[in-house]
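Input: a single structure, listed below in structure tokens.
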There are 2 protein chains.
Amino acid sequence: MRDILETVSSIQQAAEFTGLSEDTIRYYEKIGLLPYADRKANGHRTYSKHQLEGMVFLTRLKATGMTLEEMKRYRKLSEQGTVSIPQRISILKEHKKRVQSEISRSLETQRIIDYKIEHYNEVMLNPDLNNTACDSIEE
Amino acid sequence: MRDILETVSSIQQAAEFTGLSEDTIRYYEKIGLLPYADRKANGHRTYSKHQLEGMVFLTRLKATGMTLEEMKRYRKLSEQGTVSIPQRISILKEHKKRVQSEISRSLETQRIIDYKIEHYNEVMLNPDLNNTACDSIEE
DNA sequence: ATACAACTTGGAGTACACTCCAAGTCAAGC
DNA sequence: GCTTGACTTGGAGTGTACTCCAAGTTGTAT
């Protein structure tokens, strides 16, 4: 079981696992967002399970709006070892807060969408309403 | 009160109200995301409260990940009047669904961030743990 | 009259995050 | 020995969404 977890992956497998494209993975390495990957004798990149999971974590940060530049800062801190843990925690806490306000805005927007759909349904039943009853939501 | 609601705004006031920059508002008009705005005698754009609220709604769609192209489609439908309401509803419902899955992903990511912070705190208390106890979350 | 501020236009430039390409290497199968 | 496929590199190109700029116009204040 340990063996399976420590199996080494090609860039193709890494792409499959992370959902990133091979080009994107190379690009991330090029800009220093991912560390220079180990190469096999023939020069091909190899990734450990651990590294793949690190990449997946990065994709989560990205999916929640963190920029590549911020992710790069975070990763550089990781390279410095345990001394940088407080800074890493503060980056994560800060990001979590941003995600929270994004969630709030999304929920609010969902509410507004519902309200608008409701309004549309009313207009379809009674076209006279059209523009009058709804100052805060435009057509 | 009606008077206040129907007061006409300059592009500067529109920018303030919507949070968009003046350049962005002009850009949106240029690409057809906003309708050609009324001009005063001197050529300056004017916006009604109703239009400002329409813009704010667009910024909400944008903030939740809708592209300018999709927003444009939506607005073009609005121009066609009530016949396009079913299509507009379906765009909004579709978008709401996307927002929902984005929220789910965000919540999941928050959970993972918490887990990681917890792990960091443990490592700081007991540096021996460092790499061993946490296969699914990288350093 | 003149300065200033708030606009106008068309178009060029920028930032971010990829995405694609050409030319080359290497290992395996026929 | 030759083809095929999976990679490598450096660098160029793309899409989205702005953002900035220069040159011109208009309205108000001094």
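Residue numbers start from 1 in every chain, and the chains themselves are labelled A, B, ... in the order their sequence lines are given, proteins ahead of strands. Hydrogens, waters and symmetry mates play no part in the numbers below; they use all other heavy atoms, side chains included.
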* So, is B:Ser10 close to the C:dC7 phosphate, meaning a side-chain N or O under 4.0 Å from OP1 or OP2? ->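 B:Ser10 to C:dC7 OP1/OP2: side-chain N or O found under 4.0 Å.
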* Is any side-chain N or O of B:Arg45 closer than 4.0 Å to OP1 or OP2 of C:dC7? ->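 Checking C:dC7 against B:Arg45, no side-chain N or O comes under 4.0 Å of OP1 or OP2.
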* To do: Give me the residues of residues 63-70 of chain B where at least one heavy atom lies under 4.0 Å from an atom of DNA chain D, by number, or none.
  =>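 By residue number: B:Thr67, B:Leu68.
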* With sequence neighbours left out, what residues match A:Lys97 under side-chain contact (heavy atoms from CB on, under 4.5 Å)? ->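 In terms of side-chain contact (heavy atoms from CB on, under 4.5 Å), with neighbours along the sequence ignored, A:Lys97 is linked to A:Glu94.
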* **Residues in side-chain contact (heavy atoms from CB on, under 4.5 Å) contact with A:Ser106, at least two apart in sequence or another chain** =>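 Expected list: A:Glu102, B:Thr64, B:Val99, B:Glu102, B:Ile103.
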* Residues clustered with A:Tyr36, ILVMFWY side-chain links under 4.5 angstrom ->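 A:Tyr36 shares its hydrophobic cluster with no other residue.
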* Asked: With clusters built from Ile, Leu, Val, Met, Phe, Trp and Tyr whose side-chain heavy atoms come within less than 4.5 Å, directly or transitively, what are the remaining members of the cluster of A:Val83, listed by chain and number?
  ->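 For A:Val83, no cluster forms, as it stays isolated from other hydrophobic side chains.
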Please state how far atom [atom1] in [X] lies from atom [atom2] in [N], giving the value in whole angstrom units.
{"X": "B:Ile25", "N": "C:dA6", "atom1": "CD1", "atom2": "P", "result": "16 Å"}
{"X": "B:Leu61", "N": "D:dT16", "atom1": "CG", "atom2": "P", "result": "18 Å"}
{"X": "A:Ile11", "N": "C:dT19", "atom1": "CD1", "atom2": "C1'", "result": "13 Å"}
{"X": "A:Glu22", "N": "C:dT19", "atom1": "CD", "atom2": "P", "result": "13 Å"}
{"X": "A:Tyr27", "N": "D:dT14", "atom1": "OH", "atom2": "P", "result": "17 Å"}
{"X": "A:Glu16", "N": "D:dC7", "atom1": "CD", "atom2": "P", "result": "10 Å"}
{"X": "B:Tyr28", "N": "D:dC18", "atom1": "OH", "atom2": "C1'", "result": "8 Å"}

* **Residues from residues 29-39 of chain A lying under 4.0 Å of DNA chain C - heavy atoms** =>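 Contacting residues: none.
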* Ignoring hydrogens and geometry, is there a side-chain-to-backbone donor-acceptor pair from A:Lys72 to A:Ile31 under 3.5 Å? ->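 Flag set: sc A:Lys72 to bb A:Ile31 pair under 3.5 Å.
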* Check for a donor-acceptor pair, side chain of A:Gln80 on one end and backbone N or O of A:Leu77 on the other, with a separation under 3.5 Å. =>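 No: the side chain of A:Gln80 does not pair with the backbone of A:Leu77.
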* Asked: Should B:Glu79 and B:Arg75 count as an ion pair when the cut-off is N to O under 4.0 Å?
  ->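 The answer is yes: the pair qualifies as a salt bridge.
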* Asked: Below 4.0 angstrom, N of the basic side chain to O of the carboxylate: do A:Arg26 and A:Asp23 qualify?
  ->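 Between A:Asp23 and A:Arg26 there is a salt bridge, with a charged N closer than 4.0 Å to a carboxylate O.
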Holding to side-chain hydrogen bond (donor to acceptor under 3.5 Å, both in side chains), I want the full list of residues that pass it with [X], two or more places apart in sequence or in another chain.
{"X": "A:Asn42", "value": "none"}
{"X": "A:Thr67", "value": "A:Glu70"}
{"X": "A:Ser21", "value": "A:Thr24"}

* Assign B:Lys40 to base, sugar-phosphate, or nothing according to its heavy-atom contacts below 4.0 angstrom with the strands shown. =>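 Since no nucleic acid heavy atom lies under 4.0 Å of B:Lys40, the category is nothing.
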* Mind checking what makes salt bridge (charged side-chain N to carboxylate O under 4.0 Å, His left out) contact with A:Glu16, not counting sequence neighbours? ->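 For A:Glu16 there are no salt bridge (charged side-chain N to carboxylate O under 4.0 Å, His left out) partners, ignoring immediate neighbours.
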Pairs under 3.5 angstrom, nitrogen or oxygen only, protein versus nucleotides 3-5 of chain C, please.
none

* Residue B:Gln13 excluded, over 12 heavy atoms near CD under 6.0 Å ->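 Buried by this count: over 12 neighbours within 6.0 Å.
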* Taking atom CD of A:Glu108 as the centre, report whether more than 12 heavy atoms of other residues, nucleotides or ligands fall under 6.0 Å from it. =>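 For A:Glu108, atom CD is crowded (more than 12 foreign heavy atoms under 6.0 Å).
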* Structure fact -> For nucleotides 21-30 of chain D, 5' to 3', base contacts (B), sugar-phosphate-only contacts (S) and non-contacts (-) with protein non-hydrogen atoms under 4.0 Å give -----SS---
